[in-house]
Protein chains: 2
Amino acid sequence: MSDVKGAAALRATIVFNLGTLGALASDRFADRVEELGLKPKHAGLLAALDAGSAASQQELATRLGVAPSLIVALADQLQELGAVERVRDPEDRRRQVLTLTAEGRRLLARCAEAAEAADAELTAGLTEPQRTALTRGLRTLGEQHVPR
Amino acid sequence: MSDVKGAAALRATIVFNLGTLGALASDRFADRVEELGLKPKHAGLLAALDAGSAASQQELATRLGVAPSLIVALADQLQELGAVERVRDPEDRRRQVLTLTAEGRRLLARCAEAAEAADAELTAGLTEPQRTALTRGLRTLGEQHVPR
DNA sequence: TATTGTTATACTCTATAACTATA
DNA sequence: TATAGTTATAGAGTATAACAATA
């Protein structure tokens, strides 16, 4: 503690390792969903729709922590794939309500499988208790910091 | 297992949570090192130099998993800050050997402090055993997948 | 001819800001 | 006038490819 902090101190932090491993994990996941025509953000949007059901695009932007204009682009692409439908809210015709189609649910399921396969690859070197502990720790952090 | 996988299955994976939390962690860390004139990649480069001491820019590109041209840009900026020096290798004059200056070590120490502060904030809601388990899990994964 | 570092260029991602329709 | 969504534009970040110097 008394000496000057160097590389070892930085590498010991959760934040530093989360950053580097997060980039790695996203790349691995992206590789696997690419053949579905999707990127990680599309999967996040599908998951948000499945979990929270109908939501306006503005609400989704807040939940995913991105600009509303990005939701438009993601939704456009998902609509082209037949994964979501845009329905005007009759009570407020400015609003577009996004809903998952059967195809959207199918794609989400395949995203989940892709993530599970990437998990298996990434954590092949961990013992089962280590994997469980890591899963729990990340879920706890996510519940506390990622809006749902 | 028999029913169709949905948002819950995706959110249960390590890869998905690593991706979202990694982006969050990088943002928090970036906020803190911004006043030093640095971004997370600069910190990664400083740490690589401190840990492996002198290395050619090509080697660093491989270690950090980025294109050699990006090392040039990062090194340019660090050199302007007085954090690194470029010295021609006399044995192979094509090579530029990057070395940390005293200022570079000072900046690295401040990066480590920034990461520790971000850690404290991010993990405030975890118990001490949870934090320890998470730290260990991430370090193990990092050692297995991040080239050093 | 092969390799290191550099420069030039282009592409991807995403945010900001302007615009349209509706309230 | 304010708000939801959209479109247009711009910027950051990074990779690819061409280039120069050295081997």
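From a predicted model like this one, the values you see are computed outputs, not experimental measurements. Quick note on labels: first sequence line is chain A, next is B, and so on, each numbered from 1.
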Rounded to the nearest 0.5 Å, how far apart are CG of A:L60 and CG of A:L98? 6.0 Å
A:L74 or B:A75: which one's nearest nucleotide on DNA chain C is closer to the 5' end? B:A75
Please state how far atom CG in B:D27 lies from atom C1' in D:dA12, giving the value in whole angstrom units. 13 Å
Could you tell me the separation between the CG atom of A:L98 and the P atom of D:dG5, rounded to a whole number of Å? 8 Å
Side chain B:D50, main chain A:A7, donor-acceptor under 3.5 Å: yes
Of the candidates D:dA15, D:dA23, C:dT4, the side chain of B:D92 sits closest to D:dA23
Would you mind telling me which of D:dA4, C:dA15, D:dA23 lies closest to the side-chain atoms of A:R95? D:dA4
Contact class for B:Q57 (heavy atom, under 4.0 Å): base, sugar-phosphate, or nothing? sugar-phosphate
Roughly, in whole Å, what's the span from CD in B:E91 to P in D:dT22? 17 Å
Please tell me if B:K39 has a side-chain N or O lying less than 4.0 Å from either OP1 or OP2 of D:dG13. yes
Any base atoms under 4.0 Å from B:Q96, or only sugar-phosphate, or nothing? Heavy atoms, all strands. sugar-phosphate
Between OG1 of B:T135 and CG of B:D119, what distance do you get to the nearest 0.5 Å? 6.5 Å
For C:dT6, take OP1 and OP2 only and decide whether either is under 4.0 Å from a side-chain N or O of B:R86. yes
Among D:dT6, C:dT6, D:dG5, the one nearest any side-chain atom of A:S56 is D:dG5
Rounded to whole Å, how long is the line connecting atom CZ of A:R94 with atom P of C:dC19? 20 Å
What is the distance, to the nearest angstrom, from the CG atom on B:D76 to the P atom on C:dT6? 7 Å
Taking B:R131 for its side chain and B:T123 for its backbone only, find out whether a donor-acceptor pair lies under 3.5 Å. yes
Out of C:dT14, C:dT6, D:dT6, which nucleotide sits closest to the side chain of A:L70? C:dT14
When you get a sec, tell me which of D:dG5, C:dA23, C:dT7 is the closest nucleotide to the side chain of A:R93? C:dA23
Options C:dT16, D:dA17, D:dA23, nucleotide nearest the side-chain atoms of B:S69: D:dA17
Any donor-acceptor N or O pair under 3.5 Å, side chains B:R86, B:Q57: yes
Protein-nucleotide distance (A:K41, atom NZ; C:dT12, atom P), rounded to Å: 16 Å
Integer-rounded Å distance: C:dG5 P and B:R88 CZ: 8 Å
Write down the distance between CD1 (A:I71) and P (D:dT3), rounded to a whole number of angstrom. 20 Å
